[in-house]
Amino acid sequence: MSTTVNESATAAASGASATERFHADKSPYAAVKDVPAERVDAMAREVLEAIYATVRKHKLTYDEFNALKAWLINVGEDGEWPLFLDVWLEHVVEDVATEHREGNKGSIEGPYYVPDAPEKGAKGTISMREDEGGTPLVWSGQVTSCDGSALGGAKVELWHADADGFYSQFAPGIPEWNLRGSFTTDADGRFEITTVQPAPYQIPTDGSCGKLINAAGWHAWRPAHLHVKVSAPGHELLTAQLYFPGDEHNDDDIASAVKPELILDPQAQPDGSASVDYGFVLDPARG
C-alpha cells in the first residue's frame with residue numbers, strides 16, 4: 001500500500017472525519033428532547049453515582065482529576081468521541097437493543113460506515129484498486145425472514161478496511177468508495193460478493209484514545225472483520241461484523257464485539273482465493 005497513506009493517516013484526521021460523518025448521518029438522533037425527563041434523570045444519576053463510587057473506592061487525587069479533565073478535553077479536540085464510544089460502549093448498547101431478536105446476531109457499527117455506497121447488484125465485485133492487497137474472497141449467502149421465506153430485494157451493504165487497516169474516506173490517498181459496496185439480493189434472496197479478506201489492525205493510537213490505551217497497559221488491536229448492514233422492507237435492520245477463524249484477537253478484541261455466531265468458515269481454493277457461505281435471517285419489524 002502507499003507509504004503516503006501510512007505516513008499521513010493520523011488519529012486526528014480519522015477522528016475529524018468520523019465526527020463530521022456522525023454530524024452528517026446521525027445528528028437527528030442526538031437530541032434528547034423526546035426522551036422523558038424521568039428517564040434522562042434516572043440514567044444520568046446512575047452514571048454519576050457509578051463515577052462517585054469509583055472516585056471513592058480508588059481515592060482519586062486532584063492530580064488524577066485534573067489529568068482526567070485534560071484528557072476529556074483532548075478527546076473532543078481530537079474528534080475522537082465517536083471512536084471512544086464505538087470502541088468501549090457500543091457493544092453493550094447493541095446487546096441491549098437487539099436482545100429480543102430471533103434471527104441473526106448483530107454487532108457494532110463502528111465509526112467508519114458511509115451510506116450510499118455504489119450498487120453492485122446480486123452478484124458483483126466490491127470497488128477496489130487493481131493491486132488491492134489481501135486474499136481474494138468470494139462470499140455467497142441468502143437473506144431470509146425468521147419464517148424461512150426468501151427476501152428478494154434485500155440490501156447487503158459491505159465495507160471493510162484494506163490490508164493496511166485503513167478505511168476509504170477516513171484515510172488519505174484511498175479512492176472514495178474503495179472496499180465499499182451495496183448488493184441487492186435476487187428473487188431467491190441470494191447474493192454473491194467478491195472482495196478481499198481484510199487484515200487485523202490497531203485502532204488509531206496517536207490521539208487521546210491511544211493515550212488511554214497506553215496508560216492502562218491495554219492493546220489496540222481489532223481482529224480482521226467485514227462490516228455489513230442488511231435490510232429489507234418490513235424487517236429490522238441488521239448491523240454486524242463478520243470475523244475469521246484463527247485470528248489471535250478474536251478473544252481479546254479491543255472493542256469487545258466478537259461473537260461466536262459471527263465467525264466465518266472460509267474454504268481455501270486451488271487458485272489461492274477463499275470462498276465462504278454465510279447468510280442472514282432478519283427479524284420482522286416490531287409494531
Side-chain angles (χ1 to χ4, degrees), residues 1-18 20-21 24-25 82-83 86 109-141 155-185 191-206 220-230 239-244 246-247 249 255 264 266-278:
M1 294 300 155
S2 169
T3 55
T4 302
V5 176
N6 290 319
E7 292 170 356
S8 59
T10 65
S14 179
S17 296
E20 181 180 355
R21 177 59 58 185
D25 298 339
L83 178 64
D86 291 347
E109 177 180 314
Y112 301 133
Y113 169 69
V114 179
D116 303 319
E119 172 62 39
K120 301 292 185 177
K123 181 178 181 179
T125 299
I126 200 168
S127 302
M128 68 175 78
R129 294 161 287 194
E130 290 185 5
D131 61 346
E132 198 69 52
T135 301
L137 178 69
V138 179
W139 169 27
S140 59
K155 178 184 286 188
V156 179
E157 298 176 81
L158 172 65
W159 72 102
H160 60 84
D162 64 17
D164 289 324
F166 296 116
Y167 287 82
S168 61
Q169 302 192 38
F170 293 88
I174 302 176
E176 181 180 16
W177 295 107
N178 201 63
L179 300 176
R180 298 179 183 273
S182 293
F183 300 81
T184 302
T185 61
F191 63 89
E192 183 179 295
I193 301 171
T194 298
T195 185
V196 292
Q197 184 170 322
Y201 65 86
Q202 295 188 80
I203 67 169
T205 57
D206 57 315
W221 285 94
R222 295 227 57 217
H225 56 279
L226 305 172
H227 294 264
V228 291
K229 280 181 176 287
V230 187
T239 301
Q241 296 182 12
L242 305 178
Y243 303 89
F244 296 85
D247 194 302
H249 296 294
L264 301 171
Q267 302 297 309
Q269 301 300 309
D271 63 359
S273 67
S275 64
V276 65
D277 186 79
Y278 186 95

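When reading the values below, keep in mind they use all heavy atoms of this one structure, side chains included, and skip hydrogens, waters and symmetry mates.
Between Leu264 and Leu226 there is a side-chain heavy-atom pair separated by less than 4.5 Å. Between His160 and His225 the shortest side-chain heavy-atom distance does not fall below 4.5 Å.
Of the possible donor and acceptor atoms, one in the side chain of Asn178 sits under 3.5 Å from a partner among the backbone N and O of Arg129. Remark: the backbone N or O of Gly134 is not paired with any side-chain donor or acceptor of Gln197 at under 3.5 angstrom.
The local environment of CG in Asp271 is crowded, with over 12 non-hydrogen atoms from other residues, nucleotides or ligands closer than 6.0 Å.
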Q | Residues Lys120, Ser127; criterion side chain to side chain donor-acceptor pair (under 3.5 Å); working and verdict | A | CA-CA 9 Å; Lys120 301 292 185 177; Ser127 302; 3.1 Å; yes
Q. Should Leu179 and Glu132 be marked as a side chain to side chain contact (heavy atoms under 4.5 Å, CB included) after you check the CA-CA gap, both sets of side-chain angles, and the distance that decides it?
A. CA-CA 9 Å; Leu179 300 176; Glu132 198 69 52; 3.8 Å; yes
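In this pair, Tyr167 and Tyr201 present their aromatic rings perpendicular. The plane angle is above 60°, beyond the 30 to 60° band. By the 30° and 60° cut-offs, the orientation of the rings of Tyr113 relative to Trp159 is tilted. Ring-plane geometry between Trp221 and His249 is classed as parallel, the angle between the planes falling under 30 degrees on a 0 to 90 degree scale with a further cut at 60.
The six-membered or imidazole ring of Tyr112 lies near that of Phe170, with a centre-to-centre distance under 6.0 Å.
Taking all atoms of both residues into account, the shortest heavy-atom contact from Gly133 to Ala163 is C-CB, 4.0 Å. For the pair Ser168 and Ile174, the tightest heavy-atom approach, listed with the atom from each and the gap, is CB-CG2, 3.7 Å. Nearest heavy-atom pair, Ala224 versus Pro198, reported as atom, atom and distance to 0.1 Å: CB-O, 3.3 Å. Minimum heavy-atom separation, Pro111 to Leu83: CG-CD1, 4.4 Å.
Considering Phe191, Phe183, Phe244 as possible partners of Trp139, the one that fulfils the ring pair (Phe, Tyr, Trp, His ring centres under 6.0 Å) test is Phe191.
In this model, no donor atom of one side chain and acceptor atom of the other lie less than 3.5 Å apart for Thr239 and Glu109.
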